[in-house]
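Lettering of chains follows the sequences in order, A, B, ..., and the numbering in each one begins at 1.
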Amino acid sequence: MIAPLKRCNPDGAANHSAKAAIVARACRLIEQSETEPSLAKLAAGAGLSTSHFHRLFKSVTGVTPKNYACAHRATRVRQGLARGDSVTGTIYEAGFNSSGRFYEQSTRMLGMTPSQYRSGGCDEDIRFAVGQSSLGAILVASSRKGVASISLGDDPDVLVRDLQDRFPNARLIGADKAYEELVARVVGLVETPGIGLGLPMDVRGTAFQRRVWQALQEIPAGQTASYADIARKIGAPKAVRAVAGACAANHLAVAIPCHRVVRNDGTLSGYAWGVERKRALLEREAAETR
DNA sequence: GGTTCTCTGCCGC
DNA sequence: GCGGCAGAGAACC
């Protein structure tokens, strides 16, 4: 079921931009502070109560102030490490007050240890293989933590090049017999999407992207949802564009079923691996569940 | 393990 | 639209 869109009136628009300005100010405050400002401090800066400010912030950005601050801190860590700064220096620069706390979170935040990240993931092994499915070439790649990438395309070489671009300094290990079996399993998922992957996944994204991807996995095969439906489901009804962005950032074709997200009017909208593949997957799922 | 903070739901103005 | 309170849970020390 799709709720009718609310019509904007000029007052509403002005009101909305005033809210956006308050939240934007709070975002700048978070970004410019040495240490993470408390919710009370942010609310006071906005001239609102903590509870109301919290709700307002989440309605505009789609994430809580705490989440926003965490994401910003993670960005600072990535930038620091990418510049080649020392791990310890970067930790304190980014506002972590103890290295223990940082290491506790770093693997989740970076997908690897800080020193591995600093060297461009060069200590990371990525196993991969290319197979053929009814939708064309399919590339599956895994880190030690699980399946990290599933992509579809016409040309296997292009898929491999894209993988290299995504993991520029990792060791890419191809053509391994045991791994081919895993690829066969993913091909099976493409042919019969309803069965589910049933394999550990190494999902790398921001907190917000993960929430969106989790919501996508909860759409049953044979059904579709709109971007607005997903935004509502994750508790951020206004973050429709951000949801679309998160869908586009998905690297796990079919396993994270972003193909089940369509426009409000039911038309298909875009698909990173080609709209025709999206159409084929949806038709397949509809037939499966009939 | 206790304390503080965040987050959400609910209610009243 | 907003404030405030309560309670659960996470984060911190």
Side-chain angles (χ1 to χ4, degrees), chain A residues 1 3-78 80 87-114 145 203-218 225 228-240 242-243 246:
Chain A
M1 241 248 287
L5 288 170
K6 282 186 191 141
R7 197 175 291 278
C8 291
N9 63 49
D11 285 353
N15 200 5
H16 185 263
S17 68
K19 287 176 181 173
I22 288 171
V23 171
R25 246 198 326 273
C27 291
R28 296 300 87 76
L29 188 60
I30 292 170
E31 287 157 16
Q32 286 158 14
S33 298
E34 282 294 306
T35 53
E36 196 179 312
S38 70
L39 181 63
K41 190 174 172 188
L42 291 169
L48 296 168
S49 70
T50 52
S51 54
H52 188 67
F53 169 77
H54 191 276
R55 274 186 283 262
L56 176 67
F57 191 96
K58 194 175 171 188
S59 74
V60 173
T61 63
V63 294
T64 66
K66 180 91 180 161
N67 277 153
Y68 185 88
C70 285
H72 180 251
R73 203 151 68 159
T75 307
R76 281 169 75 171
V77 168
R78 285 200 196 88
V87 174
T88 329
T90 303
I91 290 169
Y92 290 100
E93 177 78 8
F96 282 93
N97 46 14
S98 88
S99 57
R101 193 148 300 287
F102 168 75
Y103 278 100
E104 200 177 279
Q105 295 181 16
S106 63
T107 311
R108 188 161 40 106
M109 197 164 80
L110 302 170
M112 62 194 86
T113 68
K145 286 168 71 182
V203 180
R204 299 177 186 197
T206 64
F208 180 79
Q209 287 171 336
R210 283 159 184 260
R211 276 165 63 208
V212 171
W213 296 340
Q214 180 62 44
L216 296 182
Q217 288 175 270
E218 287 165 16
D229 290 335
I230 299 296
R232 271 195 298 275
K233 189 163 182 185
I234 62 168
K238 289 180 182 164
V240 178
V243 165

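- The distance from atom CG of L56(A) to atom C1' of dC2(C) is 11 Å, rounded to the nearest whole Å.
- The aromatic rings of F57(A) and F53(A) are tilted relative to each other, their planes meeting at an angle between 30° and 60°.
- Distance L48(A) CG to dC2(C) C1': 8 Å, rounded to the nearest Å.
- Nucleotide dG3(C) holds its C1' atom 20 Å from the CZ atom of F57(A), rounded to whole Å.
- Closest approach of T64(A) to K58(A), counting heavy atoms only: CG2-CD, 4.0 Å.
- The nearest whole Å value for the distance from the NZ atom in K41(A) to the P atom in dC5(B) is 14 Å.
- Nearest heavy atoms, K233(A) versus A215(A): NZ-O, 3.9 Å.
- Protein atom CZ of R73(A) is 11 Å distant from nucleotide atom C1' of dA11(C), rounded to whole Å.
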Distances under 3.5 Å between protein N/O atoms and the N/O atoms of nucleotides 8-11 of chain B, please, pair by pair.
from: dT8(B); atom 1: OP1; to: K58(A); atom 2: NZ; distance (Å): 2.6
from: dC10(B); atom 1: N4; to: R55(A); atom 2: NH1; distance (Å): 3.0

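- Nearest heavy atoms, A225(A) versus I230(A): CB-CD1, 4.1 Å.
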**OP:** Decide yes or no on side chain to side chain contact (heavy atoms under 4.5 Å, CB included) for V60(A) and I22(A), but give the supporting numbers first.
**Re:** CA-CA 10 Å; V60(A) 173; I22(A) 288 171; over 6 Å; no
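- With no hydrogens or angles considered, no side-chain donor-acceptor pair links E36(A) and Y68(A) at under 3.5 Å.
- Straight-line distance from the CZ atom of F53(A) to the P atom of dT6(B): 11 Å, rounded to whole Å.
- For the pair L39(A) CG and dC12(C) P, the computed distance is 14 Å after rounding to whole Å.
- The residue among S49(A) and E36(A) whose nearest nucleotide of DNA chain C lies closer to the 5′ end is S49(A).
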